[in-house]
Number of protein chains: 2
Amino acid sequence: MSFPGEGMAEQKIRNMEEFAAASGISRPTVSKYFNDPASVRRTTRERIEAALERFDYRPNIYAMNQNRRLTKTVGIVVPYLADPFFAEIARTIERLCIAAGYRTILLSSHGEPALEIENLDNLRLLRPAGVLLAPLGRASDRTAIERFCADVPAVLFDSRIDDVGEAFIGSDNGQSIALIVDYLCRTGEPPCLFEMKTPANPNARKRHAAYLAIMERLGHPPQIVQIDGHDWEFEAIGYRGGLQAIERRRFATDTVLCSNDRLAIGLLAAAYEKGLRVGRGHGCALRVAGHDDHPFARFTCPPLTTVSQDYAAIAARSVEILLSLIDSERTGSISSGKVVLFDGKLVMRQSA
Amino acid sequence: MSFPGEGMAEQKIRNMEEFAAASGISRPTVSKYFNDPASVRRTTRERIEAALERFDYRPNIYAMNQNRRLTKTVGIVVPYLADPFFAEIARTIERLCIAAGYRTILLSSHGEPALEIENLDNLRLLRPAGVLLAPLGRASDRTAIERFCADVPAVLFDSRIDDVGEAFIGSDNGQSIALIVDYLCRTGEPPCLFEMKTPANPNARKRHAAYLAIMERLGHPPQIVQIDGHDWEFEAIGYRGGLQAIERRRFATDTVLCSNDRLAIGLLAAAYEKGLRVGRGHGCALRVAGHDDHPFARFTCPPLTTVSQDYAAIAARSVEILLSLIDSERTGSISSGKVVLFDGKLVMRQSA
DNA sequence: AAAAAAAGTTAGCGCGCGTAAATTTTATGA
DNA sequence: TCATAAAATTTACGCGCGCTAACTTTTTTT
């Protein structure tokens, strides 16, 4: 029954049964359509889509996921969402997953190992088709993550945990550190490395090692300034550590390479407070470089010279590998611990 | 059958039926327990929890949500997650919801109105118990949000849309702008207002109005510098607009009040590039103040003087109201458009 | 101690969909 | 044209849990 003035407001569709009846197609075929529109005949598809416009029905997610063997959702877990770097890479990943026909669920561990495990436990209940995981790193419960990866197809990115997960996508810290150190040495004094004493992130360790290697190759003695701090508030850590390092004259040269941009932002604030002019011009007392090309690095004073991580590529490749992994899970083929590292690019600004 | 050395590895529990049998309790009672552990007798609860330790069973979320009238999840929608301000307030909200026994699902509209609607559509499918929504503002599809709020208990925060949602929690822009303008006038020249021409956020309009009001009351002519930009990359907008404004000498006084901190961060970068020393000391050409006490405002050069939003209070109150709303939804009582505004506090740093 | 209240048990339906097997219809091509 | 393959349909069952009613047991009250 249709009332004048009600437009398309026909009967309310409550479930797939009713929708199938209204569209003149059997329910199993409609179900097939929703699982893969291309799996039904063109004429059938058109009839369903015509009905779809009239009734705007959408299948019940819970009922779908309860019965499907393969849930059409992928989980995304990042270590610290309040860091715009992770917010942006998560967003890029989300886009790609949705474009591939998956739902997405974004979780942040907020720097807490317990929360990381809780996130994985909760994810497991959702029976996701796959998971993209950027672990906390050192603080992560390796065993728990290993168990999780045994159950769920998982691709790790950003922070590597050796031999965990089906693949790892990240940056080549060796290449990027060599790049920036080489640049700094060519244009001025060799850099000191400014880093946390017990870094949460394994990248920091690789950067440390890469720094030692490149300095040795260039024939300079390594100068490392390690600062305290064990949470994810890197700006605050860099600021406090920077103040101390400046006061105690711990920087052996006038050039500092920070283990990451957020630390550098803190150091810039400390240098400003101490009246040290940062940059490479006349009258500058300090050169400061970072790593990552953080979204805010363009807007520091002075703008931060750094090495970019190609996070668009990291995101794209991570999703690509996960999807193929999900597919091979269905077909039964086996893939193993693939590692993909992308090169960083020098981003020259004013700070060094 | 129990194998030596296997420890607790007893039979695998597949569903609540099996778990109930293993724990010696009937399934309906176990179901009651999972819906509210306090609803069963203490001795029963202890028996269930003992079994829980042996088998680590957890009910199937999809089956639960399919049959429950009230899903134990709340949705959180923020306009732009790459802004640490929203990331942190979202986290605070998450904590509170989880503590209250709810699952949480975090979505970001990423500055795109279409995505905001999509988020709400997807949320609706999840039949959440309630939603905490920080809308995009001007760009939001008011009708769509209204429809959503008619179906789902929703509390709006941060950005108000008049007469939409059951409640709104935010900051008192009138109070906070008066506070900072008054401070700036007492300590130097009266401020110009630095804002976007067509701000995405309704708070910006209220701050504009509040600026006019307080300047009038203090007997100063208002000076407004409006800049172009219509996305959420406020730092970039503030930077470009700041460069132009400085070049064309559009600031009538030496003091600038930015509509928000991210704009201020951009302006600081522009001032630095133009060689304008920012601060309130001798030799400073410009005073810059912001609004919000953004997580990064402490680390700008110079550190940014601003007005803090009490986002802990905003988060707490939003959740509190939503939960009572959900509860009254069950009991049938009716509440109406409550509005709660929190005062800002002056955060004096070095930039003004 | 008996009576009342509370908690637990048994039994069974329903939710909305996936999926498999068997059957019928439609498209393909020689 | 007809045999054959491909697609769609029908039929039927199962997923894991919420929820209710009627009944039984345990606990609390007086």
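Small disclaimer: the values here were computed from a predicted structure and weren't measured. Only this structure's heavy atoms are used, side chains among them; waters, hydrogens and symmetry mates stay out. Throughout, a chain's letter reflects where its sequence line sits, starting with A, and its residues are numbered from 1.
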Spatial distance of atom CG (B:Leu120) from atom SG (B:Cys149) [nearest 0.5 Å]:
7.5 Å
Report the distance from atom OH of B:Tyr33 to atom P of D:dG18, rounded to the nearest whole Å.
14 Å
Quick one: are A:Leu81 and B:Leu106 in side-chain contact, heavy atoms under 4.5 Å?
yes
Side chain to side chain, B:Val155 and B:Lys338, heavy atoms closer than 4.5 Å:
no
For the pair made of CG in B:Asp36 and P in D:dC19, what is the distance, rounded to whole Å?
12 Å
Atom pair CZ (A:Arg91) and OH (A:Tyr311), whose distance is rounded to the nearest 0.5 Å:
12.0 Å
Between protein and nucleotides 11-19 of chain C, what N or O pairs are separated by less than 3.5 Å?
{"residue": "C:dG12", "atom": "O6", "partner": "B:Arg27", "partner atom": "NH2", "Å": "3.0"}
{"residue": "C:dG14", "atom": "N2", "partner": "B:Asn67", "partner atom": "OD1", "Å": "3.4"}
{"residue": "C:dC15", "atom": "O2", "partner": "B:Asn67", "partner atom": "OD1", "Å": "2.4"}
{"residue": "C:dG16", "atom": "O4'", "partner": "B:Gln66", "partner atom": "NE2", "Å": "3.0"}
{"residue": "C:dG16", "atom": "N2", "partner": "A:Asn67", "partner atom": "OD1", "Å": "3.4"}
{"residue": "C:dG16", "atom": "N2", "partner": "A:Asn67", "partner atom": "ND2", "Å": "2.7"}
{"residue": "C:dG16", "atom": "N3", "partner": "B:Gln66", "partner atom": "NE2", "Å": "3.2"}
{"residue": "C:dC17", "atom": "OP1", "partner": "A:Tyr57", "partner atom": "OH", "Å": "2.4"}
{"residue": "C:dC17", "atom": "OP1", "partner": "A:Asn60", "partner atom": "N", "Å": "2.8"}
{"residue": "C:dC17", "atom": "OP2", "partner": "A:Met16", "partner atom": "N", "Å": "2.3"}
{"residue": "C:dC17", "atom": "OP2", "partner": "A:Tyr57", "partner atom": "OH", "Å": "3.3"}
{"residue": "C:dC17", "atom": "O2", "partner": "A:Asn67", "partner atom": "ND2", "Å": "2.7"}
{"residue": "C:dG18", "atom": "OP2", "partner": "A:Ser31", "partner atom": "OG", "Å": "2.3"}
{"residue": "C:dG18", "atom": "N7", "partner": "A:Arg27", "partner atom": "NH1", "Å": "3.3"}
{"residue": "C:dG18", "atom": "O6", "partner": "A:Arg27", "partner atom": "NH2", "Å": "2.7"}

Below 30° counts as parallel, above 60° as perpendicular, anything between as tilted: where do the rings of B:Phe19 and B:Tyr57 land?
parallel
Could you state the atom-to-atom distance from CD of B:Glu18 to P of D:dC15 in whole Å?
10 Å
Minimum heavy-atom distance A:Asn119-A:Ser108, with the two atoms named:
ND2-O, 3.0 Å
Say whether A:Arg58 and B:Asn122, considering side chains only, have a donor N or O and an acceptor N or O under 3.5 Å apart.
yes
Please identify each residue that fulfils salt bridge (charged side-chain N to carboxylate O under 4.0 Å, His left out) with A:Glu112, with sequence neighbours left out.
B:Arg95
Any residue of residues 39-46 of chain B with a heavy atom less than 4.0 Å from an atom of DNA chain C:
B:Val40, B:Arg41, B:Thr44
